[in-house]
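Heads up, the thing below is written out as C-alpha cells.
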Amino acid sequence: MMWQNFFKTSVRSLFKRKLYTFINIGGLAIGIACFILLFLFLQNEWTYDRFHTNGKQLFRISSAYGEIDQPLTHTALTPSALAPALKTVPEVQTITRIYPKASLVANGEKAINESRFIYAEAPFFTMFSFPLLEGDPATALSGPNMVVLSASMAEKYFGKSSPTGKMLKIDGKDFMVTGVAKNPPSNTHLKFDFVGSYSSMNITDRWGSANYYTYIQLADKATSNALHDRLTSMIKGMMGSNTKYRFDLIPEPIADIHLYSQSENSTERGGNLQYDYMLAIIAVLLLAVACINFMNLATARSADRAREIGVRKVMGAVKRELFTQFITESAIITFLALVIGTVLSLVLLPWFNNLTQSTIRMHLEWPLIVALIAVFVVTTFLAGAYPAFFLANFKPVQVLKGKTPVGKGAALRKTLVVFQFAAAVFFIICTLVVGQQLYYIQHKKLGQDRSQVVVLNGSRFDNNSLAAFKARLLQQSEISQVSASYDSPVNIGGGYGIGQIQGKPADYSMDVTAIPVEKDYLQTMGIDILAGGKLTDADIQDVTREKQEDRRYHFYLNETAVKQLGWTPTEAVGRTMTMNGRIGSVKGVMKDFHFASMKQKIQPLIVFPEYEWFGEILVKVNGRDPQRALARIEDAWKSYQPGRPFDAHFLDDDFNAMYESEFRAGRLLKVFSGLVILVSCLGLVGLAAFTAEQRTRELGIRKVLGASSSNLVALLSKDYIKLVTISLIVAAPLGAYVMIKWLSGFAYHINLGAGVFVVAGLLAMAIALLTVSLQSVKAALMNPVKSLKSE
Amino acid sequence: MIQLQNITKYYPVGLGRNFILKDIDLTINEGEFVSIMGPSGSGKSTLLHIMGLLEEPSEGQYLFEGERVDKMNEKKRTQLHRGSIGFVFQAYHLIDELTVYENIETPLLYKNVSASERKSRVADVLDRFNIVAKKDLFPNQLSGGQQQLVGIARAIVAEPRVILADEPTGNLHSDQAKSIMELFKELNEKDKITIVQVTHSDVNATYGNRIIQLRDGHIRS
C-alpha cells in the first residue's frame with residue numbers, strides 16, 4: 001500500500017539521520033513530558049472541589065470585618081453561633097460546621113498526633129461527595145464520640161480488618177469508628193484523615209470568637225445573592241446603629257475557594273492563579289520550542305530529501321500525496337515522542353510532585369487522553385505542515401538537474417531561532433530575578449532573629465508547667481533563651497484595636513496587629529527596644545492577677561504604630577492606654593521588624609505579655625550543635641508531656657512556608673528555563689551541524705586560501721551571535737515588564753538592575769556559542785582535500 | 001506521438017533574454033528510438049524536460065499524442081506521468097530508503113494498481129532484468145550498472161508509451177553502458193516503446209534509428 005511505502009521511507013530515513021532524529025524526538029519528548037506534568041498539575045488546580053454532586057449549591061460562609069474607612073480583613077473563619085442563626089434562613093437547606101483540630105489518636109498504647117483531623121456536623125457526608133466505603137453517610141456523625149476514618153487511616157490503625165464498630169482513643173476519649181471514607185482526592189480544600197463528630201467537642205455557640213468553618217447547602221430555588229442579602233440584613237439587625245465598624249458574611253462557592261478566595265485561615269493554602277497561568281504558558285512554550293526544532297531541521301535538511309521528492313513527482317506523485325507523506329513522517333516522530341514523553345512523565349512524576357509539593361497521580365482519564373490526542377494532532381501539524389508544504393512544492397526539474405533548493409526558508413528559520421532564544425532569555429531573566437528576590441527575602445535583616453529558634457506545641461501547658469519546663473530547658477548549655485507566644489511569630493493576627501490612649505481624644509481608635517507573649521519573648525526573638533525597658537517579674541504579676549479587672553497590661557508598640565500616633569518613641573513610653581478591654585500603659589517601643597510576609601508593608605504592632613494561652617513555645621538554641629540541642633529538648637519534653645509526640649521544627653520553616661508558592665515558582669522556573677534552553681540548544685546543534693556541512697566546500701576553499709581554523713569558527717559563529725542579540729533585544733523588555741509586575745506584589749523588593757539583563761544575555765550567548773562551536777570546530781578542522789573532493 | 005512546433009525556451013537575463021532553445025520543430029513518431037546529441041549547453045536536457053512535461057516552453061506548441069499539452073490541467077499531466085511517460089536519469093535517482101523491489105513498485109502505487117497485480121508486474125520485471133536476487137537490497141548496495149537497471153525497470157513497470165532517458169549511461173563504464181543500450185533497443189523493438197535519449201556518445205547514438213543534433217538551441221539537420 002501507499003501508506004506502507006510512506007511509512008518505510010520515513011522510518012528508514014529517520015534511522016539514517018540519527019542526530020536529526022534524536023534531536024527531534026528527544027526535544028519533542030521533553031516538551032510532551034513537561035506538558036503532561038503541567039497539564040496534570042493545572043488540571044488538579046483548576047478542578048478543585050468540582051466533584052461534589054451538589055457542588056453548585058455548596059458555599060462556605062466567610063467573614064470580612066474592619067473599620068469603615070479601612071480595607072476589610074477577610075477570613076474563612078466564622079463564629080460558632082452563626083450556624084444556629086442560619087437555621088431560620090429560608091435560603092439555607094443544610095448546614096455543617098467544621099472545626100479542624102490536630103488530635104492524638106491511639107489504638108492501644110502508642111498515640112500519634114494526627115494533623116488532618118477535622119470535627120464536622122452530621123450532614124458532612126451527605127453535603128460533600130466524599131463517598132463512604134463503610135458506614136451510613138446520614139448517621140455516621142450523628143452523635144458524640146463518633147469518628148470516620150479515611151481508607152489509608154483505617155489500614156494504618158486496623159490493618160486489613162474492618163474498623164467499623166471498633167474503638168479508638170482520641171485525645172484520651174473513647175470514640176467509635178462509624179465509617180470508612182474513600183481517601184479524599186488531591187483536588188479538595190477539605191483534605192482529611194479523620195472526621196470526628198462535632199458534638200464530641202462540647203462547643204458552646206458564641207459570637208465572640210471566630211474559629212469555625214461554616215458550610216451551607218442552598219435551598220433548591222435560592223440564589224447566593226439572595227442569601228448574601230439575607231445575611232447582610234441579619235448583621236444589620238445585630239449590629240444596630242454602629243457606624244464605625246463593618247462586618248460582612250460572604251457566601252463563597254465551594255469550587256471557587258481554592259483559586260479565588262481572598263479569605264485567610266482557609267483549611268488549605270489557596271492556589272495562585274498568576275503562577276498557574278505562568279505554568280500553562282511554560283507548557284505551551286516548551287512544546288512550541290520543540291516544534292520549532294522540528295520545523296527548522298526539516299526545512300534545513302530538505303536538500304536530503306529533494307531527490308526523492310523529484311523522483312516521486314516524475315512518477316506522478318501530486319502535491320497532496322507528498323504532503324501526506326511528510327505529514328505521516330511528522331506523525332511518526334510525534335507519536336514516538338508522545339510514547340517516550342508519556343513514559344518520561346510517569347518516571348518524573350514523583351520528582352515533580354516533590355518539586356511542586358503536590359500529590360498528583362496519573363490516571364488515564366478522558367481529559368488527559370483528549371489533551372494527549374490534541375497535542376499529537378497539533379504537534380504533528382504545527383511541526384510537520386510547514387516542512388511538508390515546503391518540500392511538496394519543490395520543482396522536480398531543478399532537483400533532478402542537481403540544483404538543490406538550499407537556503408530557501410532561511411529567513412523563517414532565523415526568525416524561529418530568534419523566537420526560541422527569546423523564550424530562553426526570557427526565562428533566564430525571570431529565574432534570575434525571582435532567585436534574587438527570594439534570596440533577598442531570606443537574607444534581609446528582619447529586625448528579629450528567627451534563626452536557631454525551635455518551635456514546640458505549647459497548647460498543653462499551663463502556666464506552672466510551662467515555667468518548670470522553661471527552667472529545665474535553661475539548665476542546658478545548648479539553650480540560651482526560652483519563651484512562648486500565642487501564635488507563631490511569623491503569623492501574628494490582627495483584630496485588635498487601641499482604644500483610649502493618653503494624649504488622644506476619648507473616641508480615638510486605631511486598628512493594630514497584636515500578639516500575647518511570655519516575658520522573654522523580645523529577647524528570644526532578638527527584637528531591639530528603642531525606648532522603655534525590659535519586662536520585670538513585677539510586670540508579669542500585674543498581668544496574671546486573678547480577676548480580669550485587677551490586671552494591668554504592659555504594651556510594646558512598634559515604630560510604625562508610634563509614628564502613626566504622631567509621637568517619638570520616648571514620647572510614647574509611659575502613656576496609659578487600653579486595647580480590647582485590657583487596661584495598661586506603654587512599656588516600650590520596638591524597632592520595626594517584619595512580622596508578616598514581605599508582600600505587606602509593616603503594620604502597627606503591639607506585643608504584650610498575657611498568660612492566657614500559648615500556642616507556641618520558642619526555644620533559642622546555640623548554633624554549634626542544633627541536633628544535640630534538639631535531643632535535650634526532647635528529653636525535657638518527655639518528662640513534662642509524657643505520651644505526647646514530640647513535634648519540633650525550626651522557625652525558619654514557618655517563615656519559608658509563607659513564601660511557599662514563591663519558592664515553588666522559583667524552583668519550577670529554574671527547571672523549566674533549563675529545559676527551554678536545553679531543547680533550544682538541541683535544535684541549534686542540528687542547525688549548526690547542517691550549516692557546517694552545507695558550507696563544507698566553502699570552508700575547504702577558504703582553508704586552501706589560507707584561513708585559519710579560528711577564522712572559520714568565527715565565520716560560522718557570527719550568524720548565531722546576531723540571532724542571539726536580536727532575541728535579547730526582544731526578550732529583555734518583556735522580561736523586565738513581567739518581573740516588575742511580579743516584584744510590585746512585594747512591599748519590600750529588590751530593584752531591577754541592568755545586571756540581570758547583562759548576565760542573561762551573556763549566559764544565552766555563551767550557551768549558544770558553545771553549542772554552535774562544537775560543530776564549527778569540527779568543520780573547521782576538516783582536511784580541505786576531503787571536503788573539496790566530495791563535490 | 002510527440003510533436004513540437006516552434007518551441008522556444010529562454011530565461012530573462014538583465015534586460016535581455018538568454019535563449020536555451022529557439023524555434024524547435026520536431027516530430028517523433030510512435031515506435032521510434034531517437035538520440036539527441038550535441039555539446040554541453042546546447043539545450044538537450046531542456047528539450048527532454050519539455051518533452052517530459054517537467055518544464056514548460058516559453059513559446060510554441062507541444063502536442064502529446066495529438067493533444068495540446070499547454071492546454072492540459074495539472075491532473076491530466078499527472079496522468080501522463082503516471083501512465084505514459086517513463087524517465088531514466090544519468091544519476092539513476094533511486095530512492096535510497098527503499099529496496100529494489102519497493103523502488104520498482106512505487107510508480108504502480110501512484111497509479112493505484114491493485115496489490116496482486118503490482119506483485120506480478122514487479123515480479124515480471126525483476127525476472128526479465130535478472131535482478132530477482134537483488135530485490136531486497138538497497139540502492140547503495142548495488143553497482144552503478146545495476147542501479148541503472150533498476151532505474152529502467154522502474155521506468156517501464158508502469159508500461160509507459162515513451163521512455164525519456166537523460167544520458168542514461170553517463171555514469172557507467174563501457175561494458176555496463178553496452179548492456180543498458182541493448183536493453184533499450186530490445187524495449188524499443190519488442191515492446192514497441194518509443195525511446196528518446198540524450199547522449200554524448202556516438203556509439204550509444206547508433207542504437208537508435210534517428211539522431212538529432214542540437215547546437216546553441218537549434219536543430220542541425
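Heavy atoms only: backbone and side chains are in, while hydrogens, waters and symmetry mates are out. Letters A, B, ... mirror the listed sequences (proteins, then strands); counts begin at 1.
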For atom [atom1] of [X], decide whether the heavy atoms of other residues, nucleotides or ligands shown that lie under 6.0 angstrom number more than 12.
| X | atom1 | answer |
| --- | --- | --- |
| B:D216 | CG | no |
| B:F138 | CZ | yes |
| B:E56 | CD | no |
| A:F7 | CZ | no |
| B:Y10 | OH | yes |
| A:K16 | NZ | yes |

> Per the side-chain contact (heavy atoms from CB on, under 4.5 Å) rule, which among B:T106, B:L109, B:V157 passes with A:M315?
Replying inline: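 The passing option is B:T106.
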Per-residue contact mode, [X] against chain A (heavy atom under 4.5 angstrom):
| X | result |
| --- | --- |
| B:R154 | side chain |
| B:Y110 | both |
| B:L94 | backbone |

> Going through the checks in order, is the side chain to side chain contact (heavy atoms under 4.5 Å, CB included) test met by A:R12 and B:E102?
Replying inline: CA-CA 13 Å; A:R12 287 171 192 162; B:E102 289 157 358; 2.5 Å; yes
>> Please classify the contact between A:V318 and chain B as side chain, backbone, both or neither, with a heavy-atom cut-off of under 4.5 Å.
In response: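 Both backbone and side chain.
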>> Taking 4.5 Å as the heavy-atom cut-off, does anything in residues 319-327 of chain A contact chain B, and if so which residues?
In response: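 Against chain B, the residues of residues 319-327 of chain A that fall inside the cut-off (heavy atoms, under 4.5 Å) are A:E321, A:Q325.
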>> Working to the nearest 0.5 angstrom, can you tell me the gap between B:T99 OG1 and A:K8 NZ?
In response: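 So the OG1 of B:T99 and the NZ of A:K8 are separated by 6.5 Å.
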Side chains of residues 26-33 of chain A: which donor-acceptor partners sit under 3.5 Å, not counting sequence neighbours?
none

> Based on non-hydrogen pairs under 4.5 Å, which of B:E97, B:Q79, B:H81 is most in contact with chain A?
Replying inline: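 The residue among B:E97, B:Q79, B:H81 with the greatest pair count is B:E97.
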> Looking at B:D166, B:L80, B:I95, B:T78, which has the largest count of heavy-atom pairs under 4.5 Å with chain A?
Replying inline: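 Top option by heavy-atom pairs under 4.5 Å: B:I95.
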